[in-house]
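Chain naming here is simple, since letters A, B, ... match the order of the sequence lines and numbering starts at 1 in each.
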Amino acid sequence: MKVKVISRSTDEFTRERSQDLQKVFRNYDPNIRSQERAVEYTRALKAAKLEKIFARPFIGAMDGHIDAVSCMAKNPNHLNGIFSGSVDGDIRLWSLTSRKTVCHFPGHQGNVRGLSVSTDGETLVSCGTDSTVRLWTVPDYRNKSAGESAGNAVAPIAVYVWKHAFWDVDHQWGQNIFATVGAQVDIWDHDRSEPVNTFKWGNDTFISVRFNPGEPDLFATTSSDRSIILYDLRMSSPARKLIMKTRCNSLSWNPMEPMNFTAANEDTNCYSYDARKMDEPKCVHADHVSAVMDIDYSPTGREFVTGSYDRTVRIFNYNGDHSKEIYHTKRMQRVFCVKYTCDGSYVISGSDDTNLRLWKAKASEQLGILLPRERRKQEYLDAVKDRYKHLPEVRRIVRHRHLPKPIYKAANLRRTMIGAERKKDQRRRAHSAPGSMPVQPFRKRRIIKEEE
Amino acid sequence: MEKKNKMEKHWRMKAHRVSKPPNFRKSDTKKKKKSLKETKDGRREKSGPHLPSSFLKEIGIQKPISNSSDQDEGDDESDESDDLYEYVEKLPEEERKENRRFDQVENYDYELPEEFEDEDVPSDEEDDGEDDEEEKGDDAEKHARMLQSITGLPAKAFEDKPRKDAVLSDVHGDFGQEKISINDLLDPLHGKAGYSKLRKRLHQLEKAPMAIQAPLPKVEKEKLERKVAYEQSKKDITKWEPLVKRNREAPTLFFGEKINLGVNTVGAIAAGHEPRTEFEKKMAELIGVPEITEAQKNDGFKILELNKVSIEDVRDRQNYLAKMRSLLFRHEMKAKHIKNIKSKTYHRILKKQRQKTASSEINVDPEEAKELAIKQEFKRAEERMTLKHKNSSKWAKRILKRGLKAQDDGTRTAIADQLHQHALLTRKMNSMNENSSSDESTNDDSDYLSPGSDNEGVSKILNKAKNKTIKAMEDEDEIPKSGVFSLPFMERGLKKQKEAAFEEARLALQEYELSLGKLGEDDETGPSTEIKTGRRVFGGVKLLPVRPNTNHNRSDSEGDFEIREEDDLPKVEIVQQDVHIRSALVPDDDIETGQGTIYKEFGDIVKNPGSKTTYDVAIFASDSWRKCKQMGDKNPSENVKAVDDNIATSSRDSVGDEYNSDSESELEMVDGFLSSDPKSDDYKLPSQDDLIRRAFAGDDVEMEFKKEKMDVLNEENPEPEKPVLLPGWGQWTHIQRKKGIPSVITEEHERAKRKRDEALKKRKDAHLKHVIISEKIDKKAEKLHANTLPFPYTSKDVYEQSIRMPIGPDYNPAISIGALNRPAVVKRTGVIIKPIKYEDVDPHGKYEESKETKNTQKPKKNKHAESKKSNKSIQKPMAKKAKLAGGKVFSK
């Protein structure tokens with residue numbers, strides 16, 4: 001009689017250390033496991049559910065301002081610090097880890113409209129409605145605890161008074177130049193008391209300015225005449241103007257794709273443009289129900305965060321036409337500014353209720369250090385979820401978000417309005433001579449013209 | 001003088017510059033730049049359409065003398081044509097110079113003389129000279145002031161020297177009052193190739209009159225400037241395209257990978273270790289002896305390698321030896337143990353077992369078998385020699401002497417055993433071939449017993465047996481001429497034996513023939529009766545194409561036959577019901593039906609042979625083998641019964657009552673035949689239709705389709721299960737059978753049937769005879785399917801393909817899991833991600849590698865799409881989306 005015996009080589013079944021995991025031998029023959037897809041689907045479903053369970057994005061609020069937070073700036077050289085300016089002229093530096101004020105920058109008389117930090121993280125530039133530009137040295141708060149320096153006040157190293165109120169400021173990447181906007185666009189040098197260059201196109205107030213981080217000589221402004229204007233620092237004149245139907249409150253360049261930027265519009269949408277082809281946006285990001293106030297790209301360039309007047313913060317994929325995440329709390333009021341942290345894992349919002357709020361960029365992400373096995377598991381679950389995201393159950397769960405009632409209703413209302421508009425358009429088209437009403441896609445409809 | 005004035009102005013400016021903080025140097029230089037530009041563009045200013053008006057004005061003031069000579073004008077014309085062609089490109093340079101960001105003073109100073117030399121327009125000289133002078137003046141002024149500060153004398157005292165310098169410096173640019181015409185320049189070319197052409201051209205140019213265009217309006221001009229600026233920046237951005245494209249196509253983006261986390265391995269730490277204590281130092285000294293290190297470097301490795309190999313060998317050997325030793329030891333122990341066993345029964349059993357194994361081993365190996373055969377042969381020979389078991393022992397003799405009858409049972413059996421043993425030993429062993437043939441025959445037997453064949457099977461057996469006996473008889477005629485058998489007494493014995501055997505064989509043959517004949521008779525009666533029924537019974541009424549099927553014939557197609565059998569058998573049990581069901585069959589099923597009824601009737605007859613059957617049929621039915629087969633078949637047929645009923649009843653609705661009566665008549669007819677009713681004698685000629693149908697009876701496509709449709713219907717609207725007697729309570733006492741199935745169940749069944757009928761009527765293909773429209777919806781499976789084809793995929797197959805391979809650790813080796821599950825963006829919390837930096841994209845970058853690993857699960861179609869759109873992919877959001885949804889590439 002033949003007896004089959006399990007034979008195991010000692011080499012494979014001996015651990016070097018007692019803590020080592022036993023090696024698991026598997027037979028990967030697909031014929032043995034015929035249920036693999038069903039199993040993975042179930043896992044995907046479970047992962048989607050777990051994601052929903054663990055989605056707790058809100059980390060904490062930073063309380064301290066006595067008026068609405070109007071602007072923020074992140075330190076490109078240091079993760080822990082974030083600057084915020086409020087309507088009453090107060091500028092604060094916060095430590096994100098302790099969520100406390102590290103120091104103040106007193107001096108502005110009115111609303112601080114713009115804040116920006118130089119690339120080396122040494123200089124802070126602020127400007128406001130009091131027509132002053134102030135330069136501050138960022139204190140070395142890295143080794144200090146928050147309590148130690150809480151009362152610290154920093155004096156500006158320079159104060160430049162200029163002819164008009166300022167609306168925004170942004171610092172060029174890598175150099176000592178920053179741009180302010182107000183009645184006109186001024187280019188400043190750290191070492192000069194007066195702007196080194198001035199751009200003007202039209203007579204309307206400029207609202208925001210952003211330098212292109214990838215291509216530092218390029219920047220764009222939005223102005224109250226509903227236009228987006230592109231500039232090149234090397235040229236003496238602006239480059240291109242685009243006029244939309246509603247104005248853009250802010251814009252942000254994609255740090256990984258220097259040709260692309262996204263503008264936050266009053267009409268609740270964001271529009272992603274290619275700077276080379278401004279005649280139509282490449283993508284319309286819709287979901288907010290009120291004006292989008294601020295926008296900031298993740299440093300990975302794969303998503304961006306928007307803050308809106310509808311009291312929500314949303315996160316979009318750089319090419320997604322709908323948001324993939326919505327953040328809201330009961331107490332958060334109109335959001336005026338949002339920022340992604342420089343490592344792309346947190347989002348900070350500043351709102352009308354005088355608070356800064358710290359959120360996770362990925363709502364269900366586990367904070368802290370992950371063991372390799374945990375990380376691998378998470379990666380697997382994400383991959384499986386991604387693979388089966390088209391199946392109805394998984395999609396439903398992944399898409400589902402709880403919305404505050406007002407936003408839910410407003411969204412419904414908006415949907416009806418858009419539907420009605422579309423219907424009306426269709427009827428008009430049906431009753432007019434064929435060809436007299438050419439069909440125009442929505443994104444093109446929102447643009448009035450591109451000026452040379 | 002004007003010149004002097006200007007000089008002074010410059011000096012003043014310079015003084016200003018000196019006194020001002022370095023902040024303002026730029027604006028100053030800018031002014032200077034402007035002036036430089038004026039000089040440089042002196043030539044261009046004449047063609048004029050593009051220069052700023054301010055420039056023109058200034059130039060107008062500075063240069064009252066315009067180029068009056070005709071030649072110059074001609075020159076201008078040629079220049080102008082160039083200008084018109086070039087101006088778009090030249091403007092941006094100008095713009096750039098206006099920009100104050102770049103401190104390019106030195107550059108200008110350096111470039112100027114060269115450009116100046118190139119320019120052959122005399123009018124520029126002045127400006128340039130002035131400029132030079134200015135430069136000189138600067139120096140002179142500085143020098144003067146220095147001297148002044150040193151000597152204390154007034155500055156005027158030193159002014160002569162720089163003047164001279166200025167004059168001298170003019171040498172290379174100054175050509176006196178004479179103006180150089182283009183002819184002067186052409187002269188040296190005289191006589192060279194192409195000279196005449198050039199000259200002709202020049203003449204043409206001179207002849208054409210030329211008007212200076214008015215400068216563009218400011219708005220237009222700015223527009224042009226902006227356009228140029230935009231074009232420029234556009235060009236700048238476009239350089240990023242390949243880089244961005246690469247990043248977008250990369251399955252995974254890595255951020256913060258290159259960060260240096262310092263030393264983190266034990267080896268690295270150990271490498272940096274320095275001895276501190278004395279002991280450590282001593283150790284280091286010993287270890288660090290050059291000889292040792294050298295040895296380690298040179299031979300050590302080799303020695304180690306050798307060592308390694310020998311160690312392995314040794315271990316292997318040791319293992320082997322240990323194994324052998326342990327085996328030996330175990331064997332020894334076992335032998336000892338067995339030896340120690342005193343039990344006789346045990347030994348006996350052991351012996352028997354051994355024998356058994358020996359006998360079983362025969363089949364295993366031919367060589368062994370041969371050996372064994374030899375052994376056996378030897379034993380046989382020995383036995384025949386010694387006759388050990390042929391009651392030759394003392395004990396046996398004694399017992400025989402005393403008489404077997406006087407012995408007890410045990411002794412008798414022992415004697416018998418011994419004799420048996422003898423017989424076994426002396427018997428001639430069968431060869432292997434014989435064994436196998438016997439096996440075959442058994443197989444055949446089993447075949448005969450199989451339900452597929454009955455009549456024929458039996459006849460086959462009989463025939464075979466007959467053949468065999470005949471063959472054996474023939475074989476036995478041959479008598480061996482040599483060996484032991486050739487001995488006379490052996491011959492005689494053999495003959496006697498043979499005769500006996502022959503007699504036996506003859507008897508057997510007779511028997512076979514007899515039974516065969518009987519069977520043939522049966523067969524003959526079978527088909528004849530059936531054909532008869534077919535013609536006489538069905539032909540008259542329904543023109544049914546009855547195949548002359550007999551049991552015997554049909555055994556060719558066994559499967560078919562089996563089904564028929566199953567068809568008929570269930571009816572044996574519940575005759576009344578079945579008749580009812582059968583009566584409502586579809587017309588196309590008629591053939592079947594007819595046969596079915598025949599069989600059913602026959603089954604019926606078999607059951608109660610007494611009442612109606614004729615003698616022949618009774619004999620046929622009562623045949624023993626047939627009965628046996630029926631018994632065997634009953635069980636499987638019952639299993640299939642449900643299906644059969646389904647088919648039958650499903651079509652019942654579409655069929656009217658007419659068939660009912662038909663079938664009844666059939667029944668009667670069968671009865672009639674069986675009772676030889678005269679009514680069944682009438683016979684009609686088959687119509688054309690019927691003939692055609694008969695001709696194509698074999699390939700009945702319509703039927704097949706009908707059947708298929710029926711199957712689909714049954715699958716999608718399953719037939720409610722027929723109520724049966726409930727197992728359990730009351731079963732033994734047959735209460736249920738007596739009372740019948742509970743009304744609740746039957747009602748429910750009725751309801752279900754009605755429901756099904758309605759459902760069938762509502763079907764889309766209810767009235768379409770040749771169409772099957774499947775309405776199958778599997779609700780459970782529905783949620784495992786995407787409602788629509790996900791976006792980037794254009795075909796279902798590609799999508800399916802993309803999710804075919806599992807990606808989990810249970811289904812993939814650990815090596816590949818990382819690549820399969822890697823997210824689209826890999827970053828670390830706490831690591832600052834800098835914006836993109838420009839680099840020339842090489843096709844074999846890091847991302848390429850990772851892409852390759854990911855290719856397995858990435859839909860290939862996407863990649864093609866991407867490569868096709870090489871230029872546009874970046875700007876097209878659709879392409880982006882495609883990327884996003886296309887597997888792992890850009891998700892989130």
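Inter-residue side-chain proximity for I836(B) and P255(A) is flagged as unmet; no heavy-atom pair is nearer than 4.5 Å. In this structure, L253(B) and T300(A) have side chains that are not in contact, with every pair of non-hydrogen atoms separated by 4.5 Å or more. Side-chain contact between I833(B) and C342(A) is absent, with no heavy-atom pair separated by less than 4.5 Å. With a 4.5 Å cut-off on side-chain heavy atoms, Y799(B) and H390(A) count as touching. A heavy-atom distance below 4.5 Å is found between the side chains of W173(A) and P835(B). Side-chain contact between D382(A) and P823(B) is absent, with no heavy atoms from C-beta onward closer than 4.5 Å. Taking the side chain as every heavy atom from C-beta outward, Y230(B) and M235(A) never approach each other to under 4.5 Å. Counting only heavy atoms from C-beta outward, the side chains of V228(B) and S237(A) never approach each other to under 4.5 Å.
Interatomic distance, N247(B) CG to M256(A) CE, rounded to the nearest 0.5 Å: 7.5 Å. The distance from the NZ atom of K783(B) to the CG atom of L45(A) is 7.5 Å, given to the nearest 0.5 Å. Taking CD1 of I803(B) as the start and OH of Y388(A) as the end, the distance is 5.5 Å to the nearest 0.5 Å. From I237(B), atom CD1 reaches atom CG of D274(A) across 7.5 Å, with rounding to the nearest 0.5 Å. Considering CZ of R234(A) and OG of S233(B), their distance stands at 7.5 Å, rounded to 0.5 Å. Taking CG of D217(A) as the start and CG of D236(B) as the end, the distance is 8.0 Å to the nearest 0.5 Å.
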Can you check side chain to side chain contact (heavy atoms under 4.5 Å, CB included) on T829(B) and D343(A), steps first, answer last?
CA-CA 6 Å; T829(B) 305; D343(A) 62 345; 3.6 Å; yes

If you apply the rule side chain to side chain contact (heavy atoms under 4.5 Å, CB included), what do you find for N821(B) with R376(A), and how did you get there?
CA-CA 8 Å; N821(B) 297 342; R376(A) 254 178 276 133; over 6 Å; no

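Both the backbone and the side chain of T238(B) come within contact range of chain A, judged by heavy atoms closer than 4.5 Å. Within the 4.5 angstrom heavy-atom criterion, only side-chain atoms of K239(B), from C-beta onward, approach chain A. Only the side chain of F255(B) comes within contact range of chain A, with heavy atoms under 4.5 Å apart. Residue contact with chain A, scored on non-hydrogen atoms closer than 4.5 Å, involves the side chain of K827(B) exclusively. Only the side chain of W201(A) comes within less than 4.5 Å of a heavy atom of chain B; its backbone N, CA, C and O stay farther away. Heavy atoms of Y346(A) lying under 4.5 Å from chain B belong exclusively to its side chain. With a 4.5 angstrom heavy-atom cutoff, P76(A) touches chain B only via backbone atoms. Residue Y838(B): no heavy atom, backbone or side chain, is found under 4.5 Å from chain A. Heavy atoms of Y41(A) lying under 4.5 Å from chain B belong exclusively to its side chain. When heavy atoms are compared at a cutoff of 4.5 Å, Y231(A) does not approach chain B at all. Heavy-atom distances place both the backbone and the side chain of L79(A) under 4.5 Å from chain B. The contact between E452(A) and chain B is made by backbone and side chain atoms together, counting heavy-atom distances below 4.5 Å.
Residue E782(B) comes nearest to P392(A) through the heavy atom pair O-CG, 4.4 Å, listed as atom of the first residue, atom of the second, then distance. Pairing each heavy atom of A786(B) with each of L391(A), the nearest pair is N-CD2, 3.4 Å.
The greatest number of non-hydrogen atom pairs below 4.5 Å with chain A, out of T788(B), L784(B), L243(B), is found for L784(B). Listed options K837(B), E222(B), K223(B), E231(B) were ranked by heavy-atom pairs under 4.5 angstrom with chain A; first place goes to K223(B). Across A814(B), P806(B), P809(B), G808(B), the residue that shares the most heavy-atom pairs under 4.5 angstrom with chain A is P806(B).
For K234(B), the NZ atom counts as densely surrounded, since its 6.0 Å shell holds more than 12 non-hydrogen atoms of other residues, nucleotides or ligands. Counting heavy-atom neighbours within 6.0 Å of I369(A) CD1, excluding the residue itself, gives a total of 12 or less. Within 6.0 Å of atom CD1 in I32(A), more than 12 heavy atoms from other residues, nucleotides or ligands are found, so the atom counts as buried in its surroundings. In this structure, E800(B) places its CD atom where more than 12 heavy-atom neighbours from other residues, nucleotides or ligands lie under 6.0 Å away.
Of the N and O atoms on the side chains of E257(A) and W240(B), not one donor lies less than 3.5 Å from an acceptor on the other residue.
Side-chain N or O atoms of E40(A) include one that pairs as donor or acceptor with a backbone N or O of I807(B) at under 3.5 Å.
Checked for salt-bridge contact, R276(A) and E241(B) meet the test: a charged N lies under 4.0 Å from a carboxylate O. Of the charged side-chain nitrogens involved, at least one lies within less than 4.0 Å of a carboxylate oxygen, so that R43(A) and D810(B) count as a salt-bridged pair.
Among residues two or more places apart in sequence or in another chain, the ring pair (Phe, Tyr, Trp, His ring centres under 6.0 Å) test is passed with H785(B) by none.
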